Each structure stands twice: as structure tokens, then as C-alpha cells.
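As the structure is a computational prediction, the values presented were derived from the model and not from experiment. All heavy atoms count here, side chains included; hydrogens, waters and symmetry mates do not.
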Amino acid sequence: MTLIESKKVTKVYKLGMTTVHALRGVSSQIEKGDFIVIVGPSGSGKSTLMHILGALDKPSEGEVLIDGKKISKLDEWELAMIRRKKIGFIFQTFNLIPTLNALENVLIPTEPLDGEQEDYRERGENLLDLVGLKERMHHKPSELSGGERQRVAIARALINDPEIVFADEPTGNLDSLTGDKIINLMLNLNKEEKKTFVIVTHNQDLLKIASKKFIMKDGELSKIDRNHRVRKFTEKRTK
Amino acid sequence: MLKLSFFNLFRRKTRTILALLGIIIGVTAIIGLVSVVDGLNKEFENALGQFQGVIIMEKNSFDQTLSKIDVKFEKKLEKIQGVKTVVPEIWHIPTTVNGKAQFGADNVDLFGAIYVLGVDTKKYNSLRGDGWVGNIIKGKKITSNDKGWILLGETAADDKDLFVGSSIKINGKKFRIKGIFQAGTDLWETMALMNIDDAKEISDFGDEFFSDFYIELDDPTQDKKVSKLINFQHGTEIEASSASGFSEQYSPIMDNLRVMVFFIAALSAIVAGVGIANTIFMSVLDRTKEIGSLKAVGWNNTQIIKMIMYEAMFLGIIGGIIGIVIGIGAAGFLENAIGIGTFVSVELLLQAFLFALFVGLISGIYPAIKASQLNPVEAIRSG
């Protein structure tokens, strides 16, 4: 089942005087249960692709379909609704709210859904249990280690039971041992909870565990086959 | 979300405190200044409540000390229906008391100065009400035989250390104190009540003029009607005003004064509002990334606006409450340490609080809209 599909997506933005072609016609499909890893150097456009696939941004050209809906047709409110219900995000810098404790941070995405807070509270506690932070759910982010903070962020990404979780360099700010634990946690969630993960990173090691592997270079997405051969995947725009 | 907004305020304590300080000063100023106006207002109301009759003054004379009326009106007024007693009065502000000038370069205490009121004591003592003088706390009333004797207000007596039996020189003439009275208000308690002939002697009133007449009516509730009748018959030369008419006349003036003082004080709160807007705007910029991630996890613009508006609202509420507490203290200080009469009404506290809340909310609007317009992608990428 295809969750998110992109068709010839381009993204052009202006950075001062220069025009940046961040994406040059990317077509891709994310299927339910995928564990996708996209590698690529800094500035290759992999974060931009993740933002567009995650309904945070709209493509300049081309189309993104989430559950068959064209996101270019949706307004800000509807996009927020899609992000809230269908998509979870994990960031390199965790992006937790420093004044709230772990559990409250996990519950942040449910805030708009007034009146159902109590049901979510139990779910939040269970999720923190799942990521191994049951004992520390009333601690503030400043009292948690980097790995623990990222676990909180993972629990936050899962609170609304999304179909797909996007992670942008989830291990980038962690030491390798802690990073491995976080990746293992995501793998387990993929296997046991059937969550779909899309991870963008420049850590090539993660390719080993991916069910689908891609490389991003200069705004073009290529598939990596079993023999680690790179196959051009990006369709050039034809005019 | 309320909790989130509330705690957000404490992330930059110094900044929040400085923003709060502005609004606290504003609210304190409102309460301090307006309570003085309200206090004055109350004093006037007490003073007016003192008499229930009608006062006849020279037309357009503003007050009794500036009025001069021909003595012939005494008889004319007595003939008017509903009039019971007509008391001729001479109001005079003496130039010297005990040999010292009342008003000079080194003495401009308008409220501390002694007034002279000369009345026809026979008629005055027959009044049903207390007239200008309240209850006599020491000594006795003066009668028409008491030439050279006065009744003195308690404030003036305390001020000059005078007792029943002591003497005081007014405009060079020596008087002795027969009694000391209390009135409902300080305004009347600096008065020296004497026989009208004594008052003529120390002032420049001859036999042709009085300052004014105080009229007691058969039915005090008819004061407006009788005033109208007098104004109709003799309105070219004299002017009759009733107590209720007085308060109707001056209350719009007091109301305007109050509004004016309120907004002068409120100016500082409005300036504080600019400070709040700046504080919140800075904190939005600081939290760009955080706001971006809130959007990423599904918050829509309305929720972002709400969060920032709550912060502004809390600033208004906290500033308002602290300002009220300090404002009440300031009013108490003015009253007790400096001696300016103040009156802090619940209405005033409510107005000051609502104003603080209003300023807070208004100053939150711009930063809140700006925060909601942040592009989530750029917001996340930043910092």
C-alpha cells in the first residue's frame, strides 16, 4: 500500500541572490512497512525532500500525494491536520520544549485535540515505557541525556499513531553507541508496531539495515541495489 | 497549553520582569492618581451632603467668597413660597491670622487657610439641620450676644493649637473661641463661624451687601423647584443653586477629570505595552526552531497564535495584579504619609486590571501573528 507518492517533484528557492535547485524532479513511493534510508552529503536536498514528503513544505513543481490527496491543493490548516494525524517527525536536535517534562513533551502534538487529553496521557506513558523511559517521564529535557531526549522525541512522533515517521539525522547529535540504540529502537518499532520509517542521514552505515536504500546527490534521488550499485532513479524534467 | 504559555514566560526571567515592571508602573500610576481624584470627589459629595437647602449667590460668581448680593433680597426671598428661613452670610478669607499673612511666598497652603463665615446667628441657630457646622465637640454654640466670639473647625483648631477659651487674631481683631466643631469633611473644618456684624467689621462688606443667602425650605426635597422659581423671578442678578443641582453640575466635570487622569496614567501602561510586544517578539525569534517543530508535529496557526496570546495575557494579568497591590499601597501612602485624601474603589481596581489585560492582549497580537506566519521548514533549519 502506497502511503506517500511524489511525482517529478522539484523545489527551487532563493537564497539571497542565488537560486537553489534543491530537488530536480524526484519521483518516489513510500509503501507501508518500509524502512527507508536516504543518504547524501550536506546540501544534497535530502532534508528538503523529507519536508515535502512530510507535508511541511510544498513542491515548486510536480505533485506529492498523501493517501491519494494532492498536497498542493491543501491549505495550511489541512496540512497541519495531515501532519498531526498521519506523520511523525524526529529531528537531529530533538527540538523538545525545555519547560515541559518528558511526558508533557510527548503529549504536545495532541494539544489541538481538545477533550481527549486523558486518553492520550495513558498512551503517552505507554510509549515512554516502550522507548525505555518509564522511570524518567517526569524529568525535564535538561535532566535527560542526548539519547534519552531522542527517545522522548520518538515517543512524541508516535503519540498520534501516525502511519509514517520521518527522521532527519536522528543520530547526528549522539555518540555511536547511543546512536545504535536509537536505530535499533526504530527498527523494533518497524518490525513490531509496523511503523513506516524514512531516515535521512549522511551516515552510510545505516544503509545496511534499510529495506530500501537511496542516495541523494545534487537534488537527484537514486536507488542503491543489493550490490551497492547506484541506479539513477531521478527522472529528469522533460520540457 | 495554558501551562506551556505560563512557563514560557519564566524562560527569560529578567526580560519578563522588565516587561512586567512597565505594566506594574502603569497600573500603579492609574490607581495612585485616579484614587486621588476619586478621593476629592468623595470629599465634595460629603461636603454637599452637609446642607440640604438652597444657596443664593450673585450671578456668575463661582463661589461664596467671590459673591456680593444686595441686602434687599433678604426680604424678597422670604416672600417666595416654600422658603422657611433666609440666613444672610458673609464669606471672607482673612489676609492675616495672628498677625501672619495667610497667603504669601512662603505660605501657599490653600487647604490650611482659615475662612470666616459670618451669619445672622439668630436665624442660623433656628435651622433644622446643622447648616455648615456639624456637631460641636467642645464648648457651646454662639448666639447673637456673642460679639467677638467664634466657633472654630477642629482641623484649624488642631493646626493652630487652639482650645475653647483661647484667642485668635483675625485681620488684626481679637476673637475668643466659644466652641470647636466637626464637619463631615476637612473642607469646612478650617472655618471660623461668627456673628455677621463681626464679619462686616473685619472685611470690606458694608451695610448694603452680603455674600450670599442660605435658605432653608419647608420641604427640603423641593430644592430644585424652589431654585428654579427664584432664578425665574430674580435671575438677572442672583443665582439659586440647590445641593442636588450642584452635584449635577460638577459631576460631569469630575467625571471628565477622572477620565483625563486615567488616560494620562494609562499612557505609561501603553508604553509598557510596546515593551511587552517587544519582549514577546524577541522571545518568538528566540524560539523560531521550537515553533517550527510545533508546526511539524501538527500544530496549526491558530494554536501558535493562542500560545503566544496566552503569554501576553499572562503578562497583563500578573502585571495587573502586582500593580493593583502596589497601587493600593501607593494610595495608602499618599493618604497617610502625605495627607492627600484618596479613595480606592473596587470599580477602579477592576478598571485598572482590565486595562492591564487589554494592553497585554493588544501587544500580543503582532508577535503572535508573526509567529504563526513562520515557515516551518525555515524555522526548523534555523539555529
Side-chain angles (χ1 to χ4, degrees), chain A residues 11 13 15 22 43 47-52 54-58 75-101 104-114 117 140-142 153 155-160 162 165-166 168-169, chain B residues 1-17 279-280 282-315 318 368-383:
Chain A
K11 183 68 182 177
Y13 57 86
L15 206 66
S47 289
T48 305
L49 177 63
M50 188 190 97
H51 294 146
I52 287 177
L56 260 181
D57 207 355
K58 287 183 179 181
D75 62 21
E76 181 276 331
W77 200 86
E78 290 166 315
L79 286 179
M81 194 62 119
I82 284 183
R83 293 197 295 269
R84 189 199 302 165
K85 295 217 159 147
K86 299 194 182 294
I87 293 162
F89 277 101
I90 299 167
F91 304 97
Q92 180 178 358
T93 50
F94 325 132
N95 298 0
L96 302 177
I97 311 274
T99 47
L100 300 180
N101 68 31
E104 288 163 338
N105 263 292
V106 170
L107 292 174
I108 269 284
T110 71
E111 179 66 45
L113 307 170
D114 290 325
Q117 203 79 3
K140 296 264 167 69
S142 57
R156 179 179 65 181
L158 295 174
I159 186 72
N160 278 325
V165 176
F166 288 95
D168 191 355
E169 297 282 10
Chain B
M1 193 189 300
L2 285 170
K3 189 182 166 195
L4 172 62
S5 300
F6 188 74
F7 283 114
N8 276 339
L9 289 178
F10 296 100
R11 288 163 68 169
R12 292 266 194 276
K13 287 196 185 70
T14 320
R15 201 157 62 184
T16 301
I17 288 168
T279 303
I280 296 177
M282 292 295 287
S283 82
V284 165
L285 291 184
D286 279 359
R287 286 181 287 159
T288 301
K289 193 166 188 173
E290 195 175 300
I291 290 165
S293 31
L294 285 174
K295 285 191 155 190
V297 301
W299 278 34
N300 61 35
N301 290 353
T302 318
Q303 268 119 24
I304 303 282
I305 288 178
K306 255 194 194 168
M307 177 179 77
I308 306 294
M309 289 300 285
Y310 280 146
E311 289 176 26
M313 184 187 78
F314 278 129
L315 277 178
I318 298 170
I369 290 174
K370 276 284 164 192
S372 77
Q373 284 170 348
L374 285 175
N375 178 337
V377 173
E378 281 167 29
I380 291 167
R381 213 180 271 144
S382 74

Considering all heavy atoms of both residues, which atom of [X] and which atom of [Y] are nearest to each other, and what is their separation?
X        : Y        : value
B:Val377 : A:Leu56  : CG2-O, 3.8 Å
B:Glu290 : A:Pro98  : OE1-CD, 3.6 Å
B:Lys295 : A:Arg83  : O-NE, 2.7 Å
A:Phe89  : B:Ala296 : CD1-O, 3.3 Å

Say you draw a straight line from [atom1] of [X] to [atom2] of [Y]; how long is it, rounded to the nearest 0.5 Å?
X        : Y        : atom1 : atom2 : answer
A:Glu76  : B:Thr302 : CD    : OG1   : 7.0 Å
A:Leu107 : B:Leu4   : CG    : CG    : 12.0 Å
A:Thr93  : B:Ile380 : OG1   : CD1   : 9.0 Å
B:Asn8   : A:Ile97  : CG    : CD1   : 7.0 Å
A:Leu96  : B:Ser293 : CG    : OG    : 8.5 Å

Name the region of A:Glu104, side chain, backbone, both or neither, that has any atom closer than 4.5 Å to a heavy atom of chain B.
->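 Contact with chain B involves the side chain of A:Glu104 alone.
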Could you tell me which portion of A:Phe166 (side chain, backbone, both or neither) has an atom closer than 4.5 angstrom to a non-hydrogen atom of chain B?
->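 For A:Phe166, there is no contact with chain B at all, as no heavy atom is under 4.5 Å.
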Sort out for me which of A:Asp168, A:Asp57, A:Leu79 touches chain B most, counting heavy-atom pairs under 4.5 Å.
->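 So the answer, after comparing A:Asp168, A:Asp57, A:Leu79, is A:Asp57.
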Partners passing ring-ring contact (aromatic ring centres under 6.0 Å, His included) against B:Phe6 (at least two apart in sequence or in another chain) |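 Checked B:Phe6 against ring-ring contact (aromatic ring centres under 6.0 Å, His included); matches are B:Phe10, B:Phe314.
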Please check if the side chain of B:Trp299 supplies one atom and the backbone of A:Ile108 the other of a donor-acceptor pair under 3.5 Å.
->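 Such a contact is found between B:Trp299 side chain and A:Ile108 backbone.
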Using a cut-off of 6.0 Å, state whether more than 12 heavy atoms not belonging to B:Lys370 lie near its atom NZ.
->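 Incorrect, the count does not exceed 12.
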Listed partners of A:Ala155 passing side-chain contact (heavy atoms from CB on, under 4.5 Å), at least two apart |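 A:Ala155 satisfies side-chain contact (heavy atoms from CB on, under 4.5 Å) with A:Val106, A:Leu127, A:Leu128, A:Val131 only.
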